[in-house]
Each structure stands twice: as structure tokens, then as C-alpha cells.
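Report on the following structure.
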Amino acid sequence: MTSTFRYRLSSPFGGLAADVTAEYCAPDVSEEFRLQVYRNVWLTLPEGINWRDAAWLSFGLAAHSSELAAMHPSGLIVKVTSLTFPLAHFRSEVAALAMDGWAREEFNLPDRGLSAVSHGSEGSYRFHWGEHSDPFSDDSFN
């Protein structure tokens with residue numbers, strides 16, 4: 001069943017927003033392109049997605065990959081069918097927060113500390129990645 005998670009963060013200078021719509025299923029033998037996020041956990045993406053958004057969606061799912069692999073020992077494919085956002089309220093990192101929210105809601109998973117906060121005095125945002133200080137280092141999910 002397809003479900004949508006709506007990430008929202010209000011701030012004095014606008015906020016951040018993104019909606020991710022996805023579903024999940026067991027792996028099949030199709031030739032559909034998919035990214036391996038962790039051992040037996042894969043992600044498929046909507047056609048034409050920006051590479052930065054794809055990377056951050058992958059990271060948002062990877063934050064829960066060991067739990068998902070344990071819950072689905074025969075494998076799991078998460079199919080993202082849509083990532084939508086207002087351009088004025090989006091940075092690619094928000095894709096990770098939306099995917100994290102979707103996974104936590106869909107599979108009843110614990111919070112892994114992925115978040116954003118507005119830094120009003122600077123007019124910017126600070127992102128926190130839980131135990132992953134450098135989200136794209138090779139050591140993040142070993």
C-alpha cells in the first residue's frame with residue numbers, strides 16, 4: 001500500500017518541506033533499476049529524480065537499514081513513487097528527513113536522531129544526522 005509522509009519544519013524565515021510517497025514489497029526478479037542501500041534492502045526512485053535528492057533519500061532509508069533487514073530477512077524493496085516540495089522551502093537534505101519519517105511511520109521504527117533546526121540569527125538550518133557525523137563516509141553503515 002502506498003503512503004505519503006509530509007515533512008515540515010517552520011522557521012522565522014519560511015521553513016522546510018517535502019512529501020515522499022512510497023510503498024514496499026518483497027524483492028522480485030524484475031529488471032527494474034534499484035539501489036542497494038544495505039545487504040537485502042533496496043530503493044527504487046522516481047524517474048528523473050535529481051542525484052542529490054536520490055542520495056539523501058538513500059541516506060534516510062539507510063539510517064534504518066539494519067532493522068529493516070532484520071524485519072525482512074528475505075529482502076525488502078522500498079519504491080519511492082514521488083518526492084515533491086515547494087522550491088522555496090527545500091534543500092536536498094530534506095529528502096533524508098522525509099524518507100526517515102516515512103520509514104519510521106511505515107515500520108514503527110525508533111527515532112535515529114535525524115533532524116533539522118532553524119538557526120534564526122544566521123537565517124539558515126542545521127542538520128543533525130544522529131550517530132552519523134559524516135553521512136556519506138564509507139564507514140557510516142558498516
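- Closest of all the heavy-atom pairs between Glu23 and Thr2 is OE1-OG1, 2.7 Å.
- Nearest approach of Leu83 to Pro46, heavy atoms of both residues: N-CG, 4.5 Å.
- In this structure, Ala17 and Phe85 approach most closely via the heavy-atom pair O-CB, 3.4 Å.
- Below 30°, between 30° and 60°, or above 60°: for Tyr24 and Phe107 the angle between ring planes is between 30° and 60°, a tilted geometry.
- In terms of heavy-atom proximity, Ala98 sits nearest to Val20 at O-CG1, 3.4 Å.
- In this structure, Trp129 is a member of the same hydrophobic cluster as Val37, with clusters built from ILVMFWY side-chain heavy atoms closer than 4.5 Å.
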Practice item. Could you walk me through whether Leu16 and Tyr125 pass side chain to side chain contact (heavy atoms under 4.5 Å, CB included), step by step? Key: CA-CA 9 Å; Leu16 297 172; Tyr125 299 96; 3.7 Å; yes
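- Note: the hydrophobic cluster containing Trp56 also contains Phe90 (ILVMFWY, side chain heavy atoms under 4.5 Å, direct or indirect links).
- Transitive grouping of hydrophobic side chains (ILVMFWY, heavy atoms separated by less than 4.5 Å) brings Phe33 and Val80 into a common cluster.
- Using a 4.5 Å heavy-atom threshold, the side chains of Ile49 and Leu57 count as touching.
- Clustering ILVMFWY residues whenever any of their side-chain heavy atoms sit less than 4.5 angstrom apart, transitively, puts Leu35 in the very cluster that holds Leu61.
- Here Asp100 contributes atom CG and Asp111 contributes atom CG; the two are 6.5 Å apart, rounded to the nearest 0.5 Å.
- The minimum heavy-atom distance linking Glu93 with Phe127 is given by the pair CB-CE2, 3.6 Å.
- Rounded to the nearest 0.5 angstrom, Leu109 CG and Arg104 CZ are separated by 9.0 Å.
- Remark: the Glu106 side chain and the Ser3 side chain contain an N/O donor-acceptor pair separated by less than 3.5 Å.
- Phe5 is connected to Met99 through a chain of hydrophobic side-chain contacts under 4.5 Å among Ile, Leu, Val, Met, Phe, Trp and Tyr, so both are in one cluster.
- The backbone N or O of Asn108 lies less than 3.5 Å from no partner atom in the side chain of Glu105, so there is not a single donor-acceptor pair.
- Side-chain contact check for Leu9 versus Tyr7: some heavy-atom pair is nearer than 4.5 Å.
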Review point. What do the steps show when you test Leu68 against Tyr38 for side chain to side chain contact (heavy atoms under 4.5 Å, CB included), and what is the final call?
Key: CA-CA 9 Å; Leu68 292 171; Tyr38 179 84; over 6 Å; no
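- Checked against side chain to side chain contact (heavy atoms under 4.5 Å, CB included), Asn50 has the following partners two or more places apart in sequence or in another chain: Arg52, Asp53.
- When all heavy atoms of Ser65 and Ala62 are compared, the closest pair comes out as OG-O, 2.9 Å.
- Within a 6.0 Å radius of CZ in Arg8, more than 12 heavy atoms belonging to other residues, nucleotides or ligands are found.
- Side-chain atoms of Thr81 come within 3.5 Å of backbone N or O of Thr21 as a donor-acceptor pair.
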